[in-house]
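Accompanying notes for the structure given below.
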Amino acid sequence: MKRTLWILLSVLALTLAACGPAVAPTPTVAPPTPTVAPTPVPPTPTKAALDLKAVVDRFLSGIPDKYYTVGSVDALKDMLAAGNVVLVDVREPNEYAEGHIPGAVNIPIRTLAKNLDKLPKDKPVVVYCRTGHRAGMATAALQLLGYTNVRNFTPAILGWQKAGEPVEKAQ
């Protein structure tokens, strides 16, 4: 009986010890100090970004007095009569179909970079649109791509029509 009591007390002690609250071990090292997030460093411009800035600066500072333009209907007519010019309508295909300057090819401005093979570098290229805005962007883009022979017909199709010049409609 003494032995049974001894076993019961041992089991009870072990049970109470196992069910009691856990005691956290005492840390032997100091807790880490909270860290402060580093201040973000602004990104450094890449070489490509710096090169692009230099290219744009070189382009803008080199704009000639006439800003790469064909400024009158008569000037364009003279160029077309000489026959040594590629005339490009950078409007959308539906605008081109409604009426374009005779002899013009349609290369919408959004597809210009994909159609560089259609633009010669060895003879004049004149671009136009409805009012001159898209043609101005096309002229600048082509100049940046190395085309030194590109000019913008600033009167645009509206100026051409206002002068009473004929337009062709796509069939």
Side-chain angles (χ1 to χ4, degrees), residues 32-171:
T33 56
T35 58
V36 177
T39 304
V41 177
T44 307
T46 63
K47 183 172 178 14
L50 296 175
D51 289 346
L52 180 59
K53 182 178 177 186
V55 167
V56 170
D57 180 54
R58 189 170 46 251
F59 169 73
L60 293 175
S61 63
I63 293 175
D65 291 338
K66 297 195 188 232
Y67 301 101
Y68 303 112
T69 62
V70 175
S72 72
V73 171
D74 287 336
L76 180 61
K77 286 173 61 177
D78 290 344
M79 291 177 81
L80 293 171
N84 189 32
V85 65
V86 174
L87 184 60
V88 180
D89 185 325
V90 295
R91 298 177 299 156
E92 293 299 312
N94 63 315
E95 294 174 285
Y96 177 83
E98 290 171 2
H100 56 273
I101 298 172
V105 295
N106 184 223
I107 305 175
I109 191 168
R110 290 184 291 185
T111 67
L112 199 57
K114 294 175 184 157
N115 288 290
L116 296 177
D117 59 323
K118 296 178 183 173
L119 302 173
K121 287 192 173 187
D122 61 344
K123 63 191 212 176
V125 175
V126 176
V127 296
Y128 76 92
C129 61
R130 184 173 184 272
T131 63
H133 182 72
R134 287 175 281 184
M137 289 188 295
T139 301
L142 289 168
Q143 287 283 330
L144 288 170
L145 290 170
Y147 285 81
T148 58
N149 60 333
V150 179
R151 296 169 69 191
N152 175 6
F153 176 55
T154 55
I157 189 73
L158 292 179
W160 181 265
Q161 290 172 317
K162 186 176 178 183
E165 297 299 328
V167 294
E168 289 181 345
K169 295 188 183 235
Q171 300 169 4

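- Under a 3.5 Å cut-off, the side chain of N106 and the backbone N or O of D89 do form a donor-acceptor pair.
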- Task: For L112 and L119, run side chain to side chain contact (heavy atoms under 4.5 Å, CB included): C-alpha distance rounded to whole Å, both residues' side-chain angles, the deciding distance at 0.1 Å, then the answer.
- Result: CA-CA 9 Å; L112 199 57; L119 302 173; 4.1 Å; yes

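- Note that OG1 of T139 is 11.0 Å distant from CG of L144, once rounded to the nearest 0.5 Å.
- Screening residues 72-131 for ring-ring contact (aromatic ring centres under 6.0 Å, His included) gives Y96-H100 as the qualifying pairs, with residues at least two apart or on separate chains.
- For NZ of K121, the number of neighbouring non-hydrogen atoms (other residues, nucleotides, ligands) closer than 6.0 Å is greater than 12.
- Annotation for P155 and G71: closest pair CG-O, 3.6 Å, computed over non-hydrogen atoms.
- Contact record, P166 with P102: O-CD, 3.3 Å, taken as the closest heavy-atom pair.
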- Can you list the steps and then say if V126 with M79 is a side chain to side chain contact (heavy atoms under 4.5 Å, CB included)? CA-CA 9 Å; V126 176; M79 291 177 81; 3.7 Å; yes

- Carefully, step by step, assess V73 and F153 under the rule side chain to side chain contact (heavy atoms under 4.5 Å, CB included). CA-CA 8 Å; V73 171; F153 176 55; 4.0 Å; yes

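- Although no hydrogens or angles enter the test, the distance criterion places no donor-acceptor pair under 3.5 Å between the side chain of T111 and the main chain of K114.
- Judged purely by atom type and a 3.5 angstrom limit, K169 has no side-chain atom pairing as donor or acceptor with the backbone of A97.
- A salt bridge between E98 and R91 is absent, with no side-chain N of the basic residue lying under 4.0 Å from a carboxylate O of the acidic one.
- N149 contributes a side-chain N or O that, together with a main-chain N or O of P120, makes up a donor-acceptor pair within less than 3.5 Å.
- Counting all heavy atoms, side chain and backbone alike, V90 lies closest to A138 at CG1-CB, 4.1 Å.
- Atom CZ of R134 sits about 9.0 Å away from atom CZ of R110, to the nearest 0.5 Å.
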- Check the pair Q161, V167 against side chain to side chain contact (heavy atoms under 4.5 Å, CB included), reporting the backbone distance first and the verdict last. CA-CA 7 Å; Q161 290 172 317; V167 294; 3.8 Å; yes

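- C129 and A135 make their closest contact through SG-N, 3.4 Å (heavy atoms, listed as atom of the first residue, atom of the second, distance).
- The OG1 atom of T131 sits 7.0 Å away from atom CG of L158, with the distance rounded to the nearest 0.5 Å.
- Atom CD1 of I109 is separated from atom CG of N115 by 12.5 Å, given to the nearest 0.5 angstrom.
- Contact between I157 and R130 at its shortest, heavy atoms only, is CG2-CA, 3.5 Å.
- Put simply, the side chain of L76 does not reach to within 4.5 Å of the side chain of V85, judged on heavy atoms.
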